[in-house]
> 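One structure, pasted below without further comment.
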Amino acid sequence: MLRTGWPRFRPLLTLFAWYLVAGLLLRAALWWSFGRVADVSDTGLYGALVAGVAADAVQGLYLFAPFVLVAWLLPDRVYRSTPMRLTVLAVSGLTLFGLTFLAAVEYFFFEEFDSRFNLVSVDYLLYPTEVVGDIWTAYPVVTVATIAAMLSIATVVLLRRPLLAGTQASTTLRARSAVFAVYALLLGTAIALVDKDSFTFSTNRVTNEIAANGAGSFFNALRTSEIDYHAFYATREPQANLQMLRTALAQGGGHFLDAGLDRAFPVRPDGLGRLNVVVVVSESFGAEFSRAWGGDRDWTPYFDAYSKQGLMFANMYASGTRTVRGLEAITASIPPIPSTSILHRPGNAGIANWGSVMRDLGYETSFFYGGYGQFDDMNAFFAGNGFEVADRRAIDGPVRFENIWGVADEDLYDLAMRRFDTLATSGKPFFAIIMNTSNHKPYTFRPGVPGVKPEGGGREAGVRYADYAQAYLLREAAKHRWFDDTLFVIVADHGARVYGREDIPLKTYRIPMLFYAPKYLAPGRVDTLTTQIDVAPTVLGLLGLPYSAPFFGQDVRHAPAKDRVAFFSHNHDVAIYRDGALAILGLKKSVKNMRYDAATDSYAPAPADPALDSLAVAYYQTAYDLFREHRYVPTPTALSRTHVARVGTQ
């Protein structure tokens with residue numbers, strides 16, 4: 001029965017075999033270009049090729065399912081017709097073109113993110129205007145598509161005989177059903193027994209990424225982009241988590257107002273007072289580009305010069321690898337909940353955030369973005385949390401330059417300074433978050449910027465322009481009457497890119513942060529471990545203003561330096577770091593422990609660390625629960641007033 005039925009499926013077997021060969025060639029290219037620098041050995045490559053063939057075979061069962069159904073159900077009268085022969089060749093060509101083009105896309109994605117398709121690819125599909133425009137400008141789309149088309153046509157011509165074999169064979173439904181039953185059994189086995197981790201075999205993250213199937217990785221990311229923490233990650237009893245967190249957060253001072261995390265902080269006599277606060281969140285402005293922060297490149301000469309005039313945070317880390325992760329940490333002082341940023345989650349309006357605290361202190365709060373703020377749901381998030389929002393639409397006149405991501409950073413800063421002039425006349429202090437965009441592919445800039453190529457300068461041009469524009473902001477701001485009473489905070493949203501063999505490659509998360517207020521703040525250096533969730537509490541501590549909030553971050557200038565913790569997210573993994581120890585929480589409730597030597601950027605497996613593992617669960621599970629249950633909200637006014645009254649009677 002199988003013998004008489006299988007000829008109908010021969011074209012599919014041909015495409016299936018081609019798919020496996022193409023996967024092997026892509027893995028060899030990924031290893032040659034990116035695997036060797038990530039210490040993927042020859043043995044690792046062989047393992048990746050073997051595991052990869054298995055991963056591609058499983059994914060092929062899914063991808064070719066529609067073709068299998070057609071081959072099974074169509075009667076001979078239709079399938080053996082001339083129109084069907086032409087259809088088979090055309091569909092085969094389109095399939096080969098799509099898979100070849102997708103292989104090229106995977107290569108470029110790996111170049112950018114050191115990974116197969118992951119949560120970033122899912123997020124990007126939600127914003128096609130910016131992403132498609134960026135891809136069209138930054139990559140040789142037409143060239144790649146042309147090559148893919150030529151290869152596909154040539155392949156169809158070479159394989160036309162096996163591709164047409166099914167249209168020439170006489171079969172019966174019964175015979176075809178026997179073949180389909182074998183396919184259904186294989187597909188059912190794959191569904192029941194094979195998951196994303198079935199082909200993970202190495203301790204080197206990049207080796208496993210090379211072995212993975214790109215389409216499978218994408219659909220897994222799509223399926224798990226917003227998942228229930230309790231179903232997939234390690235958990236503990238909520239009250240035990242809360243008690244552990246209260247003990248950890250109590251080291252940073254403040255007074256707990258209730259049985260939760262709300263803390264009240266009194267006036268600090270040594271505070272700077274009600275200064276304006278302007279936070280510049282700088283796109284992909286990693287520490288690796290700054291000599292002042294120990295980088296091996298000298299691409300930020302202006303920033304490094306200003307660092308000698310301000311307070312630099314030399315041991316600063318980003319929470320994640322996306323802009324939304326940086327914004328959520330800086331704005332909401334919350335650890336990165338696994339999988340998807342709170343900017344992309346429903347229920348993110350009216351949460352506890354820095355802007356709410358500042359408004360309670362009498363500040364006007366604003367968010368500025370150089371592009372269209374519907375991207376990454378930025379406008380909705382900030383507007384929903386009480387910020388005045390100004391994006392590309394707020395700029396009516398001519399601009400120096402713009403590309404698909406937005407206007408030049410200089411134009412964005414001009415917009416912000418005009419608004420600050422207006423706010424300054426009201427007599428109220430202002431608090432603003434400015435998200436710049438220029439340090440991003442396609443790396444195109446206006447002519448005439450010293451050391452910056454208008455086109456073709458790549459990442460170096462992007463970093464140098466961001467550095468130049470930030471200096472422009474500080475230089476121009478000094479001409480305004482509100483400048484002397486303003487604290488500027490410049491901090492990156494994340495590093496340039498995550499790379500390396502480890503699950504959480506910490507070196508790539510290092511970012512600079514600078515506080516600059518020359519009238520009030522003496523030059524200095526803070527070496528205490530700091531992360532983005534600490535920015536708001538640290539600024540508030542520097543100002544010395546009284547406030548209440550349930551923030552997870554700490555004022556690093558006044559909290560003990562010992563036992564400081566940092567939080568990280570990468571794809572589905574989240575981690576906590578303390579004193580060289582790293583605890584990584586992954587899917588399937590896994591917990592992995594590592595030792596990290598920052599001096600050598602090296603890792604070693606470590607035994608379970610119950611205290612650190614429990615602390616990791618306490619932070620991430622509690623953050624998830626509070627947000628999901630709409631309990632991560634500004635401190636109720638009644639609680640704050642009760643604390644003020646209590647302090648006043650002491």
Side-chain angles (χ1 to χ4, degrees), residues 1-29 49-107 144-190 194 213-216:
M1 197 70 67
L2 289 173
R3 171 179 288 183
T4 57
W6 81 266
R8 172 68 73 86
F9 298 87
R10 188 178 176 188
L12 292 176
L13 292 175
T14 301
L15 292 175
F16 190 83
W18 178 92
Y19 183 61
L20 297 183
V21 172
L24 288 173
L25 294 176
L26 175 59
R27 288 183 178 87
L49 293 178
V50 173
V53 168
D56 288 348
V58 169
Q59 193 59 37
L61 294 173
Y62 294 101
L63 292 178
F64 293 109
F67 304 119
V68 174
L69 288 172
V70 170
W72 172 41
L73 295 175
L74 280 186
D76 275 5
R77 175 177 52 83
V78 176
Y79 203 84
R80 297 178 65 186
S81 65
T82 299
M84 191 63 189
R85 292 189 181 95
L86 296 175
T87 300
V88 167
L89 291 177
V91 171
S92 296
L94 290 174
T95 301
L96 293 174
F97 171 78
L99 293 175
T100 303
F101 188 81
L102 184 64
V105 172
E106 283 196 63
Y107 179 90
V144 170
T146 301
I147 294 174
M150 294 172 63
L151 289 174
S152 301
I153 293 171
T155 303
V156 169
V157 171
L158 290 173
L159 299 178
R160 63 187 182 279
R161 288 186 178 180
L163 289 174
L164 293 175
T167 64
Q168 299 167 355
S170 177
T171 63
T172 65
L173 178 61
R174 184 180 179 186
R176 298 196 302 272
S177 295
V179 179
F180 181 80
V182 174
Y183 164 78
L185 177 63
L186 292 173
L187 181 61
T189 301
V194 179
N213 176 276

> Kindly write out the residues that satisfy ring-ring contact (aromatic ring centres under 6.0 Å, His included) with Y62, not counting sequence neighbours, or none if the list is empty.
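ring-ring contact (aromatic ring centres under 6.0 Å, His included) list for Y62, sorted by chain: empty.
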
> Under a 3.5 Å distance rule, please check whether R8 uses its side chain to pair with a backbone N or O of L74 as donor and acceptor.
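Side chain of R8 to backbone of L74, a donor-acceptor pair under 3.5 Å: yes, one is there.
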
> Side chain to side chain contact (heavy atoms under 4.5 Å, CB included) with L24: which residues, sequence neighbours excluded?
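Side chain to side chain contact (heavy atoms under 4.5 Å, CB included) check on L24 returns L49, V53.
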
> For W72, what residues pass the ring-ring contact (aromatic ring centres under 6.0 Å, His included) criterion, not counting sequence neighbours?
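Checked W72 against ring-ring contact (aromatic ring centres under 6.0 Å, His included); matches are F180.
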
> How long is the gap from OG1 on T189 to CG on L61, to the nearest 0.5 Å?
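Interatomic distance, T189 OG1 to L61 CG, rounded to 0.5 Å: 9.5 Å.
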
> Could you report the tightest heavy-atom contact between P7 and A169, atom names first, then the distance?
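So the two residues come closest at CB-CB, 3.5 Å.
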
> For F9 and V68, work out which heavy atoms get closest and say how close.
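What the structure gives for the nearest pair is CE2-O, 3.8 Å.
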
> What pairs meet the salt bridge (Lys or Arg N to Asp or Glu O under 4.0 Å) rule with one or both residues in residues 50-74, with sequence neighbours excluded?
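The answer is R27-D56.
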
> Taking side chain as C-beta onward, heavy atoms only, is F67 less than 4.5 Å from V91?
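Side-chain contact under 4.5 Å: yes.
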
> Check G93 against V156 and note the closest heavy-atom contact, atom names and distance.
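The pair with the smallest heavy-atom distance is CA-CG2, 3.5 Å.
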
> Quick check: do T82 and R85 have side-chain heavy atoms less than 4.5 Å from each other?
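When only atoms from C-beta onward are counted, R85 and T82 do touch, with a gap below 4.5 Å.
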
> Could you tell me whether the side chain of D76 and the main chain of S170 form a donor-acceptor pair under 3.5 Å?
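Checking the backbone N and O of S170 against the side chain of D76, no donor-acceptor pair under 3.5 Å is found.
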
> Would you say the side chain of L151 lies within less than 4.5 Å of the side chain of L96, judging by non-hydrogen atoms?
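No. Closest side-chain heavy atoms not under 4.5 Å.
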
> In chain order, what residues pass the side chain to side chain contact (heavy atoms under 4.5 Å, CB included) check against A57, with sequence neighbours excluded?
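A57 satisfies side chain to side chain contact (heavy atoms under 4.5 Å, CB included) with F16, L20 only.
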
> Output the distance between atom CG (L102) and atom CZ (F97), rounded to the nearest 0.5 Å.
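So the gap between those two atoms works out to 11.0 Å.
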
> Check A165 against R10 and note the closest heavy-atom contact, atom names and distance.
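Looking at all heavy atoms of both residues, the shortest contact is CB-CD, 3.6 Å.
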
> Does T100 reach the main-chain N or O of A148 with its side chain, forming a donor-acceptor pair under 3.5 Å?
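Judged by distance alone, no pair lies under 3.5 Å.
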
> Can you give me the closest heavy-atom contact between M84 and Y79, atom names plus distance?
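Smallest heavy-atom distance, with atoms named: CG-O, 3.2 Å.
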
> Taking side chain to side chain donor-acceptor pair (under 3.5 Å) as the test, write out the residues that go with Y183, two or more places apart.
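Testing Y183 for side chain to side chain donor-acceptor pair (under 3.5 Å), a comparison that skips the adjacent residues, returns none.
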
> Can you find a pair of side-chain heavy atoms, one from N213 and one from V58, that are under 4.5 Å apart?
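Not in contact.
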
> Taking side chain as C-beta onward, heavy atoms only, is L15 less than 4.5 Å from L163?
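Yes, close enough: below the 4.5 Å cut-off.
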
